[in-house]
Amino acid sequence: MNAAALTAADWQVIALSLKVSGVAVLATLPVAFGLAWALARWRFFGRVLLDALVHLPLVLPPVVVGWALLLLLGPAGPVGGWLERTLGVTVMFRWTGAAIAAGVMALPLMVRAIRLSLEAIDPRFEQAAETLGAAPARRFATIVLPLAAPGVLTAVILGFARSLGEFGATITFVSAIPGETETLPLAIYSALQIPGAEARVWALAGVSVLLALMALAGSEWLARRHGGSGGRVL
Amino acid sequence: MSFEHAFDVDVRRKLGDATVGATFTADGGLTVLHGSSGAGKSSGLAMVAGLLRPDSGHVRVLGETLFDAAAGIDVPAYRRRLGLVFQDGRLFPHMTVRANLLYGWKLADLADRWIEPAVVIEFLGIEALLDRRPRTLSGGEAQRVAIGRALLSGARALLLDEPLTALDPARREEILRVIERLRDELKLPMLYVTHDREEAARLATQTITVERI
């Protein structure tokens with residue numbers, strides 16, 4: 001496997017995949033953190049239901065998630081229709097739609113990783129900070145965030161890896177349009193349908209393996225660096 | 001500012017089926033809150049510190065009302081300027097000893113900083129520990145750093161919650177001497193919770209027995 005085996009079209013697929021996954025993870029991160037915070041710290045009516053909802057993409061067939069996104073964000077859907085009427089924006093068959101699908105599929109993994117690290121923080125450290133004069137926002141910035149950092153980084157790496165591998169929800173929601181929504185797994189699948197395109201399958205599969213290994217190594221390195229606590233979710 | 005007592009405390013709170021609380025006034029020096037375990041000494045201290053909200057009563061420290069249920073006053077813990085020293089030290093694990101010491105110092109108003117870091121470091125003999133992480137400290141070292149951290153936060157009084165419990169006898173003696181010097185040299189008003197009679201007899205300028213309500 002060498003770079004020479006990759007064509008311009010392959011590079012386009014790789015670049016698109018990285019863009020879709022990067023945007024998906026960055027956009028999902030604040031949402032995941034908020035949900036993890038609520039689930040870890042608050043006791044409220046409907047908490048169990050919220051927990052179950054967050055986990056749905058993990059346990060549902062991805063095709064079902066893609067179909068749900070289609071209903072919700074499609075031109076006739078409540079959110080999609082509103083977006084199109086008010087902002088003139090559509091995510092259907094666009095890379096942004098692929099990023100949404102990837103983000104939704106990555107959400108449960110990211111929430112889990114962050115939530116575990118938040119729950120591992122001894123609240124008594126925040127009490128100590130409070131008696132030393134730290135207002136709530138400062139306690140969050142100086143105690144909670146640094147102590148949760150390994151979990152947040154793990155969430156980013158896991159979410160990124162999950163997004164790179166997203167297939168079912170993406171193809172159902174935004175189809176596989178080369179240059180727009182055809183990410184690595186979709187390109188590999190379509191190459192498999194074409195007789196004689198084995199070289200492309202090998203090349204793109206190799207890239208996928210490489211990216212996955214890098215994500216795993218990164219996650220392992222972070223877990224070790226932080227003494228294993230809060231960094232591990234799998 | 002003139003005031004009658006360093007501490008004027010009358011607090012009650014329901015915790016589960018029991019009601020805990022304490023009523024006392026204490027002057028400068030070191031006041032030991034003494035009583036059997038479960039009598040609510042630690043809860044009383046947490047209510048003075050502002051970490052636990054009383055159902056009723058009041059907390060006045062050095063003439064300032066920090067809590068008064070009837071008047072609707074409840075100053076948050078981070079504005080009370082009371083240094084709390086916990087049983088377990090509770091140093092921030094992700095910071096060096098130096099960063100722990102300076103945590104409250106950096107947050108304190110200039111006017112409230114009554115002691116310099118260099119003085120505290122010398123007083124407690126912790127120069128050699130400054131670049132270390134809390135997990136590498138012995139119990140006695142950690143407790144000295146915790147006391148220094150509380151002093152540097154601009155605290156006008158110290159609240160100590162069984163600070164010797166987690167230590168072996170040699171370390172206990174070391175911290176006992178530090179606390180005696182705080183009492184005699186710095187003249188800092190202190191509330192000290194313990195169930196140990198010897199400790200109480202040695203340290204107290206005044207002893208208050210907390211009864212189960």
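Reminder, nothing fancy here: chain letters follow the sequence lines and each chain counts from 1. Computed from heavy atoms alone, side chains included, the values below leave out hydrogens, waters and symmetry copies.
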Nearest atoms (heavy-atom pairs only) where [X] meets [Y]:
X	Y	value
B:M95	A:I143	CE-CD1, 4.1 Å
A:F125	B:F92	O-CE2, 3.2 Å
A:A134	B:Y78	O-CB, 3.4 Å

Measuring heavy-atom distances to chain A, does [X] have an atom under 4.5 Å in its side chain, in its backbone, in both, or in neither?
X	answer
B:R149	both
B:R90	both
B:L152	neither

Exercise. State, with a plain yes or no, whether a side-chain heavy atom of B:L84 is found less than 4.5 Å away from one of A:Q127.
Key: no
Can you establish whether the number of heavy atoms outside [X] located under 6.0 Å from its atom [atom1] is more than 12?
X	atom1	result
A:F45	CZ	no
B:R53	CZ	no
A:Y189	OH	no
A:W67	CH2	no
B:E122	CD	no
B:R79	CZ	no

Quiz item: Passes side chain to side chain contact (heavy atoms under 4.5 Å, CB included), B:Y103 versus A:T142? Steps please.
Solution: CA-CA 9 Å; B:Y103 187 87; A:T142 58; 2.6 Å; yes
Quiz item: Do you know which of B:A49, B:A46, B:G154, B:P93 has the most heavy-atom pairs with chain A at a distance under 4.5 angstrom?
Solution: B:P93
Quiz item: Roughly how far, to the nearest 0.5 Å, is CZ of A:R138 from CG of B:L107?
Solution: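 One gets 5.0 Å once the value is rounded to the nearest 0.5 Å.
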Exercise. Could you tell me the separation between the CG atom of A:L132 and the CG atom of B:L101, rounded to the nearest 0.5 Å?
Key: 10.5 Å
Exercise. Give the C-alpha distance, both sets of side-chain angles, the deciding distance and a yes or no for side chain to side chain contact (heavy atoms under 4.5 Å, CB included) between B:L82 and A:T131.
Key: CA-CA 7 Å; B:L82 298 174; A:T131 66; over 6 Å; no
